[in-house]
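Quick notes on the structure that follows.
Given the structure is predicted, the values throughout are model-derived calculations rather than measurements. Atom set for the values below is all heavy atoms of this structure, side chains included, hydrogens, waters and symmetry mates excluded.
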Amino acid sequence: MINNRVLWLKVSSIAAVQGAITLTWVIYNLYLPLLLVQFGLSKQLAISLLIGENILESVIEPVFGGLSDRHQQLFGSRVPLISIGIVLSATLFIILPSLVIFFSPAQFSVQWLLPVLAVLWAGAMAIFRAPTMTLLRRCAPSDKLPEAASVLTLVGGIVGAFRFDAFGAILNLGAGFAFALGSFSLLVAAGVLRLLNPDVLPTLEKRKLAKVSPLLLSLIFTLGVWVGWSLRFVMPAVSQVLKFQYGEDIGKLAMTIFMVMLGLAALPAGKIATKLSNSWGMQLGSIGSVLALSCFILLPNSTLKIIALIVLIASFSLVLNGVIPFALAQVPPERSGLGVGMYFGGLGAGFSSFDLIFAQLNSITFETRIIGAIVSLLLVFCWLLISKKFQKPNPKQNIN
């Protein structure tokens with residue numbers, strides 16, 4: 001299929017899956033500690049589970065991204081594999097609260113079924129994320145991928161903002177209804193994706209998939225690690241700034257607004273990256289983010305800090321919006337799943353390694369968060385520079 005323009009309807013179907021993924025993770029993160037306590041387990045087990053799940057994802061994402069490339073070559077579509085992963089995830093998601101509702105925590109053999117199913121669910125979620133995001137390559141020419149990706153970033157940012165100020169409303173829904181809502185959203189998104197992304201004829205000539213340099217794959221994976229670390233540092237730092245400026249209660253609402261604005265900023269960020277090239281856009285964004293974060297420490301004036309916050313939103317959105325197009329640009333079209341899978345694998349490894357290193361600390365100072373974020377973003381910048389040695393000229397039309 002040859003695309004000369006962005007196919008926005010298809011992009012919206014991918015964004016629907018992105019929104020469902022984000023929503024289910026918001027629900028899961030809010031309810032998991034409560035479900036564990038209700039089932040007679042320690043609330044602290046939730047931290048260990050999330051770390052283990054991120055480690056699991058760092059392996060599953062590249063594996064199933066690569067398998068989706070093979071599936072695309074043999075059957076002409078990644079959607080059946082995606083559908084299997086979504087149905088499995090939706091089923092396991094609704095079973096999680098059902099265990100707490102219908103079984104007694106006094107049954108030790110049943111008690112440990114909850115964390116086991118939680119890990120299985122996280123593994124199932126990792127099956128279809130990379131193959132789904134890879135479909136973006138069929139929706140836009142290479143030079144317009146950042147513009148297409150901005151819709152995904154927008155949806156992810158807005159839905160993800162719920163965890164900061166709307167968690168009370170979500171908890172008031174009750175575990176059964178909330179998990180049913182998440183499961184239903186996954187199934188609806190799968191139906192929309194299937195409807196708007198019909199299969200194409202498989203390649204009759206059974207060619208071997210193009211080989212990709214292990215060094216290049218490690219570059220994509222490591223970039224995901226640095227992006228994961230930057231997120232872990234930046235979000236709490238911004239939250240601290242907003243709480244200091246507006247107080248605890250208003251700070252939560254302000255953090256929600258920050259996330260929504262970060263998502264909205266992806267729309268102009270996508271257009272800027274399309275004009276400049278995605279790599280230049282991400283480099284500009286990483287340096288702009290470093291300068292904005294530095295102002296949080298160096299500038300005592302609260303008004304100037306708000307200006308720095310606006311600059312951070314504009315800059316950081318260039319980085320976050322560019323990572324999937326970056327991964328797609330580094331690999332041949334027929335290995336898109338592997339490229340995106342390596343990025344998501346690195347992201348999971350970044351989250352898990354960060355939590356393992358800093359979990360033992362009772363608290364991280366504001367200055368430490370800012371310095372950590374600056375170092376992480378500078379590493380992103382350096383990795384982008386290194387990646388230029390691997391880049392080859394891409395045609396403006398995509399065939400996949």
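- No side-chain heavy atom of Leu35 sits less than 4.5 Å from a side-chain heavy atom of Tyr28.
- Ser353 and Trp229 make their closest contact through OG-NE1, 3.0 Å (heavy atoms, listed as atom of the first residue, atom of the second, distance).
- With sequence neighbours excluded, the residues satisfying side chain to side chain contact (heavy atoms under 4.5 Å, CB included) with Ser89 are Trp121, Ala124, Met125, Phe128, Leu186.
- Side-chain polar atoms of Ser279 and Gln283 form a donor-acceptor pair below 3.5 angstrom.
- Within the 4.5 Å cutoff, the side chain of Ile14 has heavy atoms near those of the Met133 side chain.
- Residue pairs that meet the salt bridge (charged side-chain N to carboxylate O under 4.0 Å, His left out) test with at least one member in residues 316-332, sequence neighbours left out, do not exist here.
- Between Phe93 and Pro97 the shortest heavy-atom distance is O-CD, 3.2 Å.
- Residues Ala20 and Ala189 come closest through the heavy atom pair CB-CB, 4.1 Å.
- Counting heavy atoms from C-beta on, the side chains of Leu231 and Leu320 come closer than 4.5 Å.
- Leu264 forms part of a hydrophobic cluster together with Leu154, Ile158, Val260, Leu267, judged by ILVMFWY side-chain heavy-atom separations under 4.5 Å.
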Side chain to side chain contact (heavy atoms under 4.5 Å, CB included) evaluation trace for Asp355 with Ile47: CA-CA 8 Å; Asp355 293 338; Ile47 298 174; 5.8 Å; no
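- Residues Phe244 and Ile306 do not share a hydrophobic cluster, clusters being chains of Ile/Leu/Val/Met/Phe/Trp/Tyr side chains in contact below 4.5 Å.
- With a 4.5 Å cut-off on side-chain heavy atoms, Leu384 and Phe326 count as touching.
- Of all the heavy atoms in Gly65 and Arg78, the pair that sits closest is O-NH1, 4.4 Å.
- Annotation: the span from Ser48 atom OG to Glu53 atom CD amounts to 10.5 Å, rounded to 0.5 Å.
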Check against side chain to side chain contact (heavy atoms under 4.5 Å, CB included), Met282 and Val323: CA-CA 8 Å; Met282 290 182 70; Val323 285; 3.7 Å; yes
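- Not counting sequence neighbours, the partners of Gln240 by the side chain to side chain donor-acceptor pair (under 3.5 Å) test are Arg369.
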Test side chain to side chain contact (heavy atoms under 4.5 Å, CB included) applied to Leu291 and Val311, step by step: CA-CA 9 Å; Leu291 294 175; Val311 174; over 6 Å; no
Stepwise side chain to side chain contact (heavy atoms under 4.5 Å, CB included) test for Leu56 and Val119: CA-CA 8 Å; Leu56 186 65; Val119 172; 3.8 Å; yes
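- For the side chain to side chain donor-acceptor pair (under 3.5 Å) test, residues two or more places apart in sequence or in another chain that qualify with Lys271 are Glu147.
- Checking side-chain atoms of Ser183 against main-chain N and O of Ala180 turns up no donor-acceptor pair under 3.5 Å.
- The shortest side-chain heavy-atom distance between Leu7 and Arg5 falls under the 4.5 Å cut-off.
- A 6.0 Å sphere centred on CH2 of Trp25 holds more than 12 heavy atoms belonging to other residues, nucleotides or ligands.
- Residues passing the ring-ring contact (aromatic ring centres under 6.0 Å, His included) test with Phe344, sequence neighbours excluded: none.
- The OG atom of Ser185 sits 6.5 Å away from the CD1 atom of Ile27 when rounded to the nearest 0.5 Å.
- If you take CG on Leu113 and CG on Leu96, they are separated by 9.5 Å, rounding to the nearest 0.5 Å.
- Applying the 4.5 Å side-chain rule to ILVMFWY residues, one finds that Leu298 remains a lone member of its cluster.
- Between atom CG of residue Leu217 and atom CE of residue Met342 there is a gap of 5.0 Å, rounded to the nearest 0.5 Å.
- A donor-acceptor contact shorter than 3.5 Å links the side chain of Asn321 to the backbone of Pro146.
- When every heavy atom of Ile220 is checked against every heavy atom of Ala327, the shortest pair comes out as CG2-CB, 4.2 Å.
- The CG atom of Leu347 lies 9.5 Å from the OG atom of Ser352; values are rounded to the nearest 0.5 Å.
- Side chains of Leu32 and Leu49 form a contact here, defined as non-hydrogen atoms less than 4.5 Å apart.
- Checked options Ile374, Val319, Leu379, Leu377; the residue passing with Ser230 is Leu377 (criterion: side chain to side chain contact (heavy atoms under 4.5 Å, CB included)).
- Linking Ile, Leu, Val, Met, Phe, Trp and Tyr residues whenever their side-chain heavy atoms come within less than 4.5 Å places Val151 and Met261 in a single cluster.
- With hydrogens and angles ignored, the 3.5 Å screen pairs a side-chain donor or acceptor of Tyr31 with a backbone N or O of Gly174.
- Taking hydrophobic clusters as Ile, Leu, Val, Met, Phe, Trp and Tyr residues chained together by side-chain heavy-atom distances below 4.5 Å, Leu30 shares a cluster with Ile101.
- Judged as a salt bridge (charged side-chain N to carboxylate O under 4.0 Å, His left out), the pairs with a partner in residues 122-133 (not counting sequence neighbours) are, in order, Glu61-Arg129.
- Here the side chains of Ile84 and Ile127 are not in contact, with every heavy-atom distance at 4.5 Å or above.
- Of the possible donor and acceptor atoms, none in the side chain of Ser58 sits under 3.5 Å from a partner among the backbone N and O of Gly348.
- In terms of modelled atom types and a separation under 3.5 Å, the side chain of Ser315 and the main chain of Leu312 share no donor-acceptor contact.
- Without hydrogens or angle criteria, Asp69 side chain to Leu338 main chain gives a donor-acceptor distance under 3.5 Å.
- Residues Gln330 and Tyr343 bring no donor and acceptor atom of their side chains to less than 3.5 Å of each other.
- Using a 4.5 Å cut-off between side-chain heavy atoms of Ile, Leu, Val, Met, Phe, Trp and Tyr, with links allowed through other members, Leu136 and Leu9 fall into different hydrophobic clusters.
- Under the side chain to side chain contact (heavy atoms under 4.5 Å, CB included) criterion, Val241 pairs with Gln245, Phe296, Phe366, sequence neighbours left out.
- In this structure, Thr24 OG1 and Leu181 CG are separated by 10.0 Å, a value rounded to the nearest 0.5 Å.
- Trp112 and Val37 sit in two unconnected hydrophobic clusters of ILVMFWY residues. Membership requires side-chain heavy atoms under 4.5 Å apart, directly or through other members.
- The closest side-chain heavy-atom distance from Leu262 to Thr153 is not below 4.5 Å.
- Its side chain within the 4.5 Å cluster rule, Val87 clusters with Leu187 among the Ile, Leu, Val, Met, Phe, Trp and Tyr residues.
- In this structure, Cys139 and Val11 approach most closely via the heavy-atom pair CB-CG2, 3.6 Å.
- The aromatic rings of Phe354 and Phe358 sit tilted, their planes meeting at an angle between 30° and 60°.
- The side chain to side chain contact (heavy atoms under 4.5 Å, CB included) check on Lys243 picks up Ser239, Glu248, with sequence neighbours excluded.
- For Ser98, the side chain to side chain contact (heavy atoms under 4.5 Å, CB included) partners are Phe102, not counting sequence neighbours.
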